[in-house]
S.K.: 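Here's a structure for you.
When reading the values below, keep in mind they use all heavy atoms of this one structure, side chains included, and skip hydrogens, waters and symmetry mates. In the text below, chain A, chain B and the rest are named by the order of the sequence lines, each starting its count at 1.
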Number of protein chains: 2
Amino acid sequence: MKLAIYGYGNLGRGVESAVKQNPDTELIGVFTRRDPSTVKTLTGVPVYAAADVLKFKDSVDVLIICGGSATDLPGMTPVLAKDFNVVDSFDTHADIPKHFAAVDAAAKETGHIALISAGWDPGMFSLNRLYASAILPEGKDYTFWGRGVSQGHSDAIRRIEGVQDARQYTVPVPKALAAVRAGETPELTTREKHTRECFVVAKPGADLAYIENAIKTMPKYFSDYDTTVTFISQEELDAHHKGIPHGGFVIRSGVTGLDKSHKHVIEYSLKLDSNPEFTSSALVAFARAINRMHGRGDVGCKTVFDIAPGDMSAMSPEELRAKML
Amino acid sequence: MKLAIYGYGNLGRGVESAVKQNPDTELIGVFTRRDPSTVKTLTGVPVYAAADVLKFKDSVDVLIICGGSATDLPGMTPVLAKDFNVVDSFDTHADIPKHFAAVDAAAKETGHIALISAGWDPGMFSLNRLYASAILPEGKDYTFWGRGVSQGHSDAIRRIEGVQDARQYTVPVPKALAAVRAGETPELTTREKHTRECFVVAKPGADLAYIENAIKTMPKYFSDYDTTVTFISQEELDAHHKGIPHGGFVIRSGVTGLDKSHKHVIEYSLKLDSNPEFTSSALVAFARAINRMHGRGDVGCKTVFDIAPGDMSAMSPEELRAKML
């Protein structure tokens with residue numbers, strides 16, 4: 001399977017590494033909107049200008065689009081789906097139906113296949129919400145995120161006057177997690193589900209009280225959460241907070257039996273040292289699936305809900321049945 | 001979707017209850033090899049003789065076969081797949097390829113669809129082994145079962161001379177579970193993964209030392225495990241050990257990145273008050289999927305690896321994308 005990467009940030013680099021772990025995949029090249037001569041890949045794979053991507057339309061089986069959901073993907077994916085089979089990790093949950101419609105129309109126009117919103121949430125977490133609710137229709141599910149770095153929240157802190165650098169961790173509240181895991185089905189407020197830990201490097205002479213207050217009262221991002229702010233040095237941040245770990249939990253508890261007396265708890269959890277590398281690894285497995293589906297004549301936009309799991313594996317159906325079932 | 005149950009034990013009763021929780025399903029009847037007049041269903045659904053099942057071939061969308069894997073299913077499923085779309089929970093892992101081949105040939109002969117080995121293991125655990133290995137190809141996975149009742153091991157104890165009744169629990173070793181969950185990839189022996197707890201009611205005057213020794217030295221079942229035997233009264237067993245709880249864990253840890261320096265742990269776990277009712281609930285969701293697949297012209301034998309998850313849900317694809325993704 002011949003893959004190419006469109007957009008070369010953390011996610012693109014993750015795909016490049018993942019290809020090395022999947023012997024049935026080959027990386028044709030990386031496409032960037034920057035000047036290609038300024039971009040050096042991890043493995044020496046060639047870099048091309050994004051503007052030249054159409055020249056490769058016949059030599060790429062699946063193009064993995066590694067752009068941001070806010071401004072890149074809504075424009076990129078529908079355009080590229082006209083000439084390529086594509087995968088993206090579009091993660092603005094509320095806008096998925098709109099993105100799906102645009103990509104579906106574009107892909108069908110030319111007989112291509114596209115998978116949007118692959119990764120872990122949306123992605124593996126979505127799959128687990130679906131499986132659990134299909135099996136236990138009478139129940140309630142909970143998604144907790146963390147402990148992990150939220151890039152969006154870290155960026156929001158960096159925009160405050162006097163802040164030099166910052167890292168924000170989203171942390172599930174242990175008490176809430178324990179209750180849900182025990183099969184209770186509490187109604188939880190935003191504040192009761194997650195706390196936010198901020199590690200902030202202030203510029204010399206900055207007003208620390210102002211920064212702390214600006215963070216804790218920031219609407220949407222922090223004001224609905226119990227937030228802690230810890231000022232640290234740049235050295236400390238670089239030494240202990242440069243990673244991009246993440247993870248979380250999808251838990252559903254439900255009841256069965258005529259008298260609904262039997263309780264069941266289904267839990268799926270991820271503990272990830274590198275959020276972008278895990279997402280990239282998922283993108284490569286999903287790319288394998290849509291390449292196979294396209295080989296069987298399938299076209300249009302898909303989501304992870306449409307992917308038969310066996311198509312994601314490098315193993316044959318016979319091998320899977322013998323070894324994994 | 002019109003369902004019928006073939007075989008009316010714990011699993012069949014579970015399907016009957018699950019149908020009540022799925023408004024898009026309807027139960028046509030229960031087929032039994034016993035005298036139908038002696039069988040009373042939980043919900044009053046009619047009971048028919050297994051021998052009469054062919055009379056219903058045009059009024060059932062999916063027949064859920066609730067037989068045992070040892071002697072029932074290898075014969076039943078291929079025969080019934082000639083006249084019905086069927087689902088079974090065949091769980092003899094080593095014999096799956098053979099069962100698959102027999103069911104596939106039978107179903108294709110007449111254009112039916114069949115799903116074998118649905119449930120939780122094989123079933124949801126298999127899916128999680130597959131997803132995790134597809135995403136993290138360089139890694140190692142572990143399946144732990146329990147704490148839960150093993151019917152097979154309980155039966156084995158009951159066959160020992162002097163035993164009146166018994167219940168056996170399979171229990172994961174906490175130390176092993178903790179190590180795997182922490183991302184370590186130990187080589188674990190059978191003994192290091194699970195212990196076996198036996199609660200035994202001895203007949204009056206029975207030789208307790210003989211029973212305990214017979215259990216602990218029983219090949220395959222107990223001799224490779226650290227086994228504890230506790231003698232209790234029938235009243236105590238009836239009061240505290242009549243349930244059929246089960247569950248377990250599928251955990252894979254793997255590495256990503258060019259230098260493989262980032263570790264990831266994926267964990268899926270189940271905590272089930274009733275093993276048969278959870279399995280039945282899964283069977284109904286999988287029955288929904290194969291009914292839809294058959295409606296699209298799909299025939300032959302399938303496993304859970306072939307099922308696009310969206311087909312298991314009562315929700316429409318649009319609703320799933322808007323609410324679950």
S.K.: Go through the steps for B:Tyr8 and B:Glu16 under the test side-chain contact (heavy atoms from CB on, under 4.5 Å), then give the verdict.
M.R.: CA-CA 9 Å; B:Tyr8 194 66; B:Glu16 186 183 5; 2.4 Å; yes

S.K.: What part of B:Leu320 gets closer than 4.5 Å to chain A, counting heavy atoms only: side chain, backbone, both or neither?
M.R.: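 For B:Leu320, heavy atoms of backbone and side chain both lie under 4.5 Å from chain A.
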
S.K.: Within the side chain of B:Asp273, is there an N or O that forms a donor-acceptor pair under 3.5 Å with the backbone of A:Lys263?
M.R.: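 Side chain of B:Asp273 to backbone of A:Lys263, a donor-acceptor pair under 3.5 Å: yes, one is there.
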
S.K.: Please flag which part of B:Val250 lies under 4.5 Å from any non-hydrogen atom of chain A: side chain, backbone, both or neither.
M.R.: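 Nothing of B:Val250, per the 4.5 Å heavy-atom cut-off to chain A.
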
S.K.: Among A:Phe286, A:Phe249, A:Phe125, A:Phe100, which residue forms the greatest number of heavy-atom pairs with chain B at distances under 4.5 Å?
M.R.: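 Result: the option with the highest number of such pairs is A:Phe100.
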
S.K.: If you tally heavy-atom pairs under 4.5 Å against chain A, which of B:Met315, B:Lys260, B:Glu138 wins?
M.R.: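 So the answer, after comparing B:Met315, B:Lys260, B:Glu138, is B:Glu138.
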
S.K.: Heavy-atom pairs under 4.5 Å with chain B: which of A:Glu267, A:Arg13, A:Glu318 has the most?
M.R.: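 Maximum pair count with chain B is reached by A:Glu267.
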
S.K.: In plain terms, say whether B:Asp311 and B:Arg296 are close enough for a salt bridge, that is, a side-chain N and a carboxylate O under 4.0 Å apart.
M.R.: yes

S.K.: Could you check whether atom NZ of B:Lys242 has more than 12 heavy atoms from other residues, nucleotides or ligands sitting under 6.0 Å from it?
M.R.: yes

S.K.: Does B:Ser261 offer a backbone N or O that forms a donor-acceptor pair with the side chain of B:Asp259 under 3.5 Å?
M.R.: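 Yes.
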
S.K.: Does A:Ser133 reach the main-chain N or O of A:Leu130 with its side chain, forming a donor-acceptor pair under 3.5 Å?
M.R.: yes

S.K.: Can you tell me which of A:Ala322, A:Pro122, A:Ala134, A:Ser274 forms the most heavy-atom pairs within a distance under 4.5 Å of chain B?
M.R.: A:Ser274

S.K.: Let me know if B:Ile307 has heavy atoms under 4.5 Å from chain A in its side chain, its backbone, both or neither.
M.R.: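 For B:Ile307, the backbone is the part near chain A, not the side chain.
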
S.K.: Does any backbone or side-chain atom of B:Asp91 lie under 4.5 Å from a heavy atom of chain A? Answer side chain, backbone, both or neither.
M.R.: neither

S.K.: What part of B:Leu136 is in contact with chain A, defined as an atom under 4.5 angstrom from a non-hydrogen atom: side chain, backbone, both or neither?
M.R.: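 The side chain, not the backbone.
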
S.K.: State, without any angle test, whether B:Asn291 and B:Arg288 hold a side-chain donor-acceptor pair at a distance under 3.5 Å.
M.R.: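 There is no such pair between these side chains.
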
S.K.: Please tell me whether B:Thr143 and B:Arg129 have a donor and an acceptor in their side chains that are separated by less than 3.5 angstrom.
M.R.: yes

S.K.: Based on non-hydrogen pairs under 4.5 Å, which of A:Ser313, A:Ala285, A:Ser281 is most in contact with chain B?
M.R.: A:Ser281

S.K.: Taking atom NZ of B:Lys140 as the centre, does the number of heavy atoms from other residues, nucleotides or ligands within less than 6.0 Å exceed 12?
M.R.: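 Yes - once you tally the heavy atoms of other residues, nucleotides and ligands closer than 6.0 Å, there are more than 12.
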
S.K.: Against chain B, label A:Ala282 side chain, backbone, both or neither, depending on which of its atoms sit under 4.5 Å from a heavy atom there.
M.R.: both

S.K.: May I ask you to name which of B:Gly247, B:Ser126, B:Ser253, B:Gly123 has the most heavy-atom pairs under 4.5 Å with chain A?
M.R.: B:Ser126

S.K.: At a heavy-atom separation under 4.5 Å, does B:Ala118 approach chain A through its side chain, its backbone, both, or neither?
M.R.: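 For B:Ala118, no heavy atom lies under 4.5 Å from chain A.
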
S.K.: Begin from the C-alpha positions of B:Thr256 and B:His264 and carry the test side chain to side chain donor-acceptor pair (under 3.5 Å) through to its verdict.
M.R.: CA-CA 8 Å; B:Thr256 64; B:His264 308 275; 2.8 Å; yes

S.K.: Measuring heavy-atom distances to chain B, does A:Ala182 have an atom under 4.5 Å in its side chain, in its backbone, in both, or in neither?
M.R.: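 When you check distances to chain B, only backbone atoms of A:Ala182 fall under 4.5 Å.
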
S.K.: Just so I understand: if I count every heavy-atom pair under 4.5 Å between each of A:Leu258, A:Asp306, A:Leu270 and chain B, which residue has the most?
M.R.: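 Result: the option with the highest number of such pairs is A:Leu258.
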
S.K.: Quick one: of A:Ala94, A:Ser280, A:Gly254, A:Pro137, who has the most non-hydrogen atom pairs under 4.5 Å with chain B?
M.R.: A:Pro137

